[in-house]
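All remarks here apply to the structure that follows.
Count residues from 1 along the sequence.
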Amino acid sequence: MTAVDIVVSVLAKLLEYTARPIVHPFDYIFHHNTNINGLRNQILFLENTRFGVQQQVNIAERNGDIILPIVQDWLAKANGLATESQNFLSGEVDRNHRCFSGSCPDLKLIYRSSREAKKKRAAVDELVERGKFDYVSQPARRPPIWPSTGATATTSLGDLDGFESRKAQLRLIMEALEDDNINIIGVYGMGGIGKTTFVEEAARQADALQLFDEMVMVVVSHKPNLRKLQGDLAEMLELNLKEEGELLRTARLRERLNQVKKILIIMDDVWTPLDLRTIGIPQGNLHKGCKIILTSRSLDVCNAMNAQRNFHMDVLSQVESWNLFRKMAGDAVDSTDLNPIATKIAKRCSGLPLAIVTVARALRHRSKHAWRDALRQLRSSSTTNDVTGLYSNIFASLELSFNFLKDEESKSCFLLCSLFKEDLDIPIESLVRYGTGLRVFQDVHTLEEARDRVHTIIENLKACCLLLDSDVEDCFRMHDVTRDFLLSVASKGLYIFLEKMMPGYHLDSPNENKFSNSYAISMVLNDLEEFPIGIDFPKLQLWRVEGSMGLMQFSGNFFDGMKELKVVLMHHVSIPSIPSSFLALKKLLALCLEHCKLGDVSQIKELKNLEILSFVHSDVEKLPKEIGELSRLRLLDLTDCKNLTSIPFGVFSNLSNLECLYMMNSFVQWGVDSEGQSQATLGELKHLFHLTTLEMHVPDVNLFPKDLLFGNLVRFKIFVGMVSQVISYSYPKTLTLALYHGLNLHNGIYKLLKGAQHLILDYSIVNYLEDLNSIVYDLRKGFRHLKCLEVYGYTGVESLIDTNIFPVLEKLKVVSAADLRTICYDHLPDQSFCELRELMLSILPELTCLWMDPLGNVCLRNLRTLYVSDCHKLKHLLSQSTAGDLSELQKLYVSSCEDLKVILSKDQVVSVSSSRIALSKLKSIKLEFLPSLESFCPEGDANLASLQEPLFNSKVDFPSLEELTLRELHSVNEIWSCQLSASNFCSLRILIVFGCDNLQLVFPSYMQHMLQNLEILSIEWCDLVEEVCELNNNLQNDDAKLATLPSVRDLNLGKLPLLKHLWWNIDPYVYTSLRNLNSLHIYECDGLIHLFSVHAMKNLVQLQQLKVRSCKTMKTIFANEGEDDVIVMSELCSVDLEDLPELSSFSQGSSSFLFPLLEMIEIKSCPKMKAFVVSQVHQEEKSLFTEKVSLPNLQTLNLDGLNSLNGIWETHLQEKSFTKLQILEVINCDQLQNLFPINLLPRLQMLEEIHVTNCISLEEIFTLKNPKPHQNLSSVSLTRLVSLVLENLPNLRQLWCPNMPHRFQRLTSIEVSRCDLVDCIFTSSVARGVPRLQKLKVDSCISVEVIIGNNERESEADDLILPQICHIELENLPNLVSFCAKASALKWLSLKELRILNCSEMVATSNSIEAFFGEKVVFPSLENVRIDSVGNYIY
């Protein structure tokens, strides 16, 4: 570049910089319109862009997505810039435009607006460019799949407040979730029990405690689909699972789960075992932070999926059921109208949450008519073929479980269960016999195989929660709703028909056609004596009849229409003879005549195919020899045939196919009977090669043949010797030996002894002492199979057994071992007694310890029951180290051990940690007659006397305890420690405290929140108790609701002389107490002045029984001052007030009372009581009952010892009061002057008995005082009166109203004694008013001159007086002259007995019976006559 070029370039640049400031403003002026229009165009473009983005945002929001912050910021800026630009264009720009178009434009303003427009356009351009989004949102984080606490308040059990059983389970499952060693948890229970809601609550609590980083839940259902399961899991995990191949999907899911450190997976409604690895869920060591909760209807499914902890969801308790029902149905159920119906409906739901919620919601806000109709439907649901709307969804749930059963055998056995009554313990053996007879079981050839099959089926049905456990061995139970469902299935004919029990059902009724295709029928017959003819049930295979020991007659051809019958069961009937048509049932395989009175049964021999024959508990004296002809018989049951004394020789040996023989509590005359006749012998059993089950009693071991080896016995119960104990046995191989000197146990008995599972050794009937080891001398290797050992009367030794010879012992019972000091003396091997489930020790006066175990080798991990009584030298029961193994303990009973100081003692040698002992399954504790007991488990040193520890402290937890009895513990002055954990005693339902005479307070305030489930409470004979519940006035509202024992339904407080007040009368307890109280019994609480305040009284909505006696200072039951309303006690049925010397009234106050269901009032020895309700404290009431009391259902009224009572009833009463009264008894009411105002009689027409005794002021039975003005009574009438008794009424002048006819059409008995002012018993008009009188007794009435006096208005004789009289007694009537004042022709055709004693005045007036009764007396039926001290009478 040349120098000229450089100079030109520099000058050009310099000119540019110097010219631009001059030219540029003119550029804005020159391009003003362009800039303004450009801005307008870009603003329109921005609006379009903004609209498009907003549309995308709206769509994303509707989908629940989260809008990106950059999009939200862009929209805000776009909205702002558009608004700002529009304002600019419509304002300043328009003014500048007007200026520009004028004659003298303002260039400065034009310049400024043009420049501003260009700047804004640049901003709009930039914003439009930024508004080009690929997407405007991202998917929202999934919401929690379990509802929040607030939301679940309306679901079945989401809010667990008031459901203590669920709370206890929840605590345990939360512990399992926090346990690093547990990965899989199972929750199982029947359909509708609340499993899903329960695990949702567990997830919610886990979320609150932040136990997991993520939690997901999937529903598996009964038809699991792997691909859907994976997809649901992926969706919950926000994983886009695009892969199609199963392996890739599994790997992707596993990879995603492994990315989470701690995750909870809930798999709901699992029906079959799942392979978690196939799904993609890592387990165990592959991912220790992954926990799984399964819910299932089957325990087997949980076990198959390797659940380490399983939780069974049981039905709700009665109180919990009501709490849930009330929550679902609303507060209306507390009303007096609905409450009685609602409680019955809730009970019918049997604790099943789904049933409770379904029914309660269906009835919410419905009328009383709907409630009553629902109750009728629920009561009849098991008999109707149609499933009601109330139960339809419940039955649908059960139907799914039923259809899911694997085989027809299970379904058939399940349906057979509905043959049995409700609430019955169903024997498994019954299903074995019924199923065998019906040929239900496939590939089963022996009864033992059938027994195994049934046990397996029942176990499976229990695991599926379709059947329930029973407390009775080898039995099970069924939920009522399940049974109703089964009956509905059977009635539809899906598999077999099983009719519910049918009282009074007639087979020849029009319903016969309905049952003509029935497979099985079960019925109850009450009055039917003879079955009809011509019943045609061609398909019937099972027929079951339950009677009431009535005579049952069958027509000869009754069974002709039942040719297919295979099983016949008759219970509690009397069958004198077997009809010929029955003997023609060639297909009959099982015949059970149980609890029956039978005639001749020899004709049963015609049933040649019979395999099962049972006479259990029937009246059979002789087993016919013809029974031996039943060559195919496989089972013969003679159990409890106590009158059976004869079985001919040869019967048993002919039954060559017999597999089972039951003879317990039956025949014992083996060999020869008392008349020298040949009887069955034990030697015959050698010929029964198929015999596998044998039960019998043999009084003498020498009756056993030496070559009888019992080689094939699988189960046996054999009692040898004269057994003195009442034995209960539950093991299939039981042997009882009554030991005596020289007992010769041959090889067969030793074989039984060696294989026995249950061995009873009875030493108590002889004086010979024999060491236990000598009995098992040939068994030194021990009892390898023995599970239960019972020893009675064992003396002469200090220790009992060596545990090495009882390796599998489950039950040990020792009674009356006078010299026993310890069970085991030697050092015990490790894990001793590890299989022991029940330990019972009784009457062991020298026992000082259970065992010597300094090394702590005793292990009681399986112990369920511990019973110790009458071991007076025992100072402690177990060591604390041993107690640490008691995880299975359920029952603890300790009684009458005088020196016992502690239950669990501190260890002397073994070092024990200070951790708590959790008796997590202990349900019942009874500690009785332990005068030295000071602590259950002491925390301090052995010197307890100075420590004064409470009985229960923080050392031991009882989370499942339901029943606690403390009786005569004289050293206990405090029950509960203030340091107890929150889980302690939360399940307690029953508490009985008796004779703890140093106890002052039962429930401290800190204990009451733990006892919300308490239902039965009894506190008696505790002389120092001043308070039952400690009052704490500083409680907050929520605490107050928990401090009132709201679930108590039975309350008994007695012999508490220092008790001054009751907690339910003190705020804030008054508003939440007593709502579930059914029964209240108070006695000998001399510090109480009244029982209930007015507010407490209003809570007694379920009180049924009230009994108060012997409270010396009690003045009134209800203190009701200042209230003026109607108090309804809707459920109260009986009131019993006795020995209350200061009681003046039932209630004081202005309230009125309605008792709609009250049936009985009994008031005795209340000398100051004048009125049931007193309006004012100082008001004198003239009658016991006034219009302030309504008693429409009262049936019995008993008044005894009311010395201040002036009258029983006012003339003005509530309309229906006393209209159902049947029995009136009035005794020792000294001030009472009359019994009935005559105008009261129309409402007493149900009265049947009147008994009045020792009322010294009584002048009239019926009085005409104060009649109602509008009432015109033409007669005195009590149409249902049957009996009238009047005794010791010295001021009574007349029995009846004068000058009025009387009608007592049903009166059959009159007794009058010691009524000194009465001169006659009847007038003739009254006598005609008692046409059915049968018994007349008059005794010690010194003024009586005639029995039937003269009626002035009548002149003619009457021969129709007392036409049905049967019995007349006239005694100690010194002024009696004649029977009738007017001569009558007495025709007493029914008179059988006549007694006239000590009637001396009769001598002066007549000398014959005819003269006394009348000339025309007729006694054709007279049988017994006694006439004493009446002179020389002629008859």
Is a side-chain donor or acceptor of [X] paired with a backbone partner of [Y] at a separation under 3.5 angstrom?
X       : Y       : value
Ser932  : Glu898  : yes
Asn953  : Lys955  : yes
Asn862  : Cys834  : yes
Asn1013 : Ser1047 : no

Nearest 0.5 Å, what's the [atom1]-[atom2] distance between [X] and [Y]?
X       : Y       : atom1 : atom2 : result
Ile975  : Leu1001 : CD1   : CG    : 8.5 Å
Ile1016 : Ser1079 : CD1   : OG    : 9.5 Å
Cys897  : Glu928  : SG    : CD    : 11.0 Å
Thr965  : Leu892  : OG1   : CG    : 11.0 Å
Phe719  : Leu737  : CZ    : CG    : 10.5 Å
Leu922  : Thr865  : CG    : OG1   : 10.0 Å

What verdict does the side-chain contact (heavy atoms from CB on, under 4.5 Å) test give for Val1025 and Leu1058, after you've listed the backbone C-alpha separation in whole Å, the side-chain angles of each residue and the deciding distance to 0.1 Å?
CA-CA 6 Å; Val1025 166; Leu1058 298 184; over 6 Å; no

Sorted by first residue and then second, give each ring-ring contact (aromatic ring centres under 6.0 Å, His included) pair with at least one member in residues 869-895; sequence neighbours left out.
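Those involving residues 869-895 are Tyr867-Tyr893.
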
According to ring-ring contact (aromatic ring centres under 6.0 Å, His included), does anything in residues 918-937 pair up with another residue at least two apart or in another chain? List the pairs.
Phe936-Phe952, Phe936-Phe958

Shortest non-hydrogen contact from [X] toward [Y]:
X      : Y       : value
Lys906 : Gln880  : CG-NE2, 3.4 Å
Arg715 : Lys733  : CA-CG, 4.2 Å
Leu847 : Ile823  : CD1-N, 4.4 Å
Arg861 : Ser887  : O-OG, 3.8 Å
Ile990 : Leu1014 : N-CD1, 3.9 Å
Ala883 : Ile917  : O-CG2, 3.7 Å

Residues in side chain to side chain contact (heavy atoms under 4.5 Å, CB included) with Cys788, at least two apart?
Tyr731, His758, Glu790, Lys811

Applying side chain to side chain contact (heavy atoms under 4.5 Å, CB included), name anything that partners Ser971, two or more places apart in sequence or on another chain.
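Ser971 satisfies side chain to side chain contact (heavy atoms under 4.5 Å, CB included) with Glu934 only.
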
Quick test of your reading: applying salt bridge (Lys or Arg N to Asp or Glu O under 4.0 Å), list the pairs with at least one residue in [range], sequence neighbours left out, ordered by first then second residue.
range             : value
residues 990-1001 : none
residues 968-992  : Glu962-Arg989, Arg989-Glu1015
residues 876-896  : Glu888-Lys921

Report yes if the side chains of [X] and [Y] come closer than 4.5 Å at any heavy-atom pair, otherwise no.
X       : Y       : value
Glu429  : Asp474  : no
Lys462  : Asp469  : yes
Leu874  : Leu850  : yes
Leu839  : Leu841  : yes
Phe1003 : Leu991  : yes
Glu838  : Leu863  : no
Leu878  : Leu866  : yes
Leu1056 : Cys1022 : yes

I need the single residue from Val972, Leu951, Ile925 that forms a side chain to side chain contact (heavy atoms under 4.5 Å, CB included) with Leu966. Which is it?
Leu951

Applying side chain to side chain donor-acceptor pair (under 3.5 Å), name anything that partners [X], two or more places apart in sequence or on another chain.
X       : value
Glu1138 : none
Gln979  : none
Asp870  : none
Trp976  : none

Please determine whether side-chain contact (heavy atoms from CB on, under 4.5 Å) holds for the pair Tyr1083 and Glu1020, giving the CA-CA distance in whole Å, both sets of side-chain angles, and the decisive distance to 0.1 Å.
CA-CA 9 Å; Tyr1083 71 94; Glu1020 299 178 79; 2.4 Å; yes

Taking it one step at a time, do Arg967 and Leu927 satisfy side-chain contact (heavy atoms from CB on, under 4.5 Å)?
CA-CA 6 Å; Arg967 190 180 298 271; Leu927 305 176; over 6 Å; no

Sequence neighbours excluded, which residues qualify as ring-ring contact (aromatic ring centres under 6.0 Å, His included) partners of His455?
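Counting only residues at least two positions away or on another chain, His455 forms no ring-ring contact (aromatic ring centres under 6.0 Å, His included).
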
Strictly by modelled atom types, are Ser960 and Ser987 linked by a side-chain donor-acceptor pair under 3.5 Å?
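No - no donor-acceptor pair under 3.5 Å links their side chains.
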
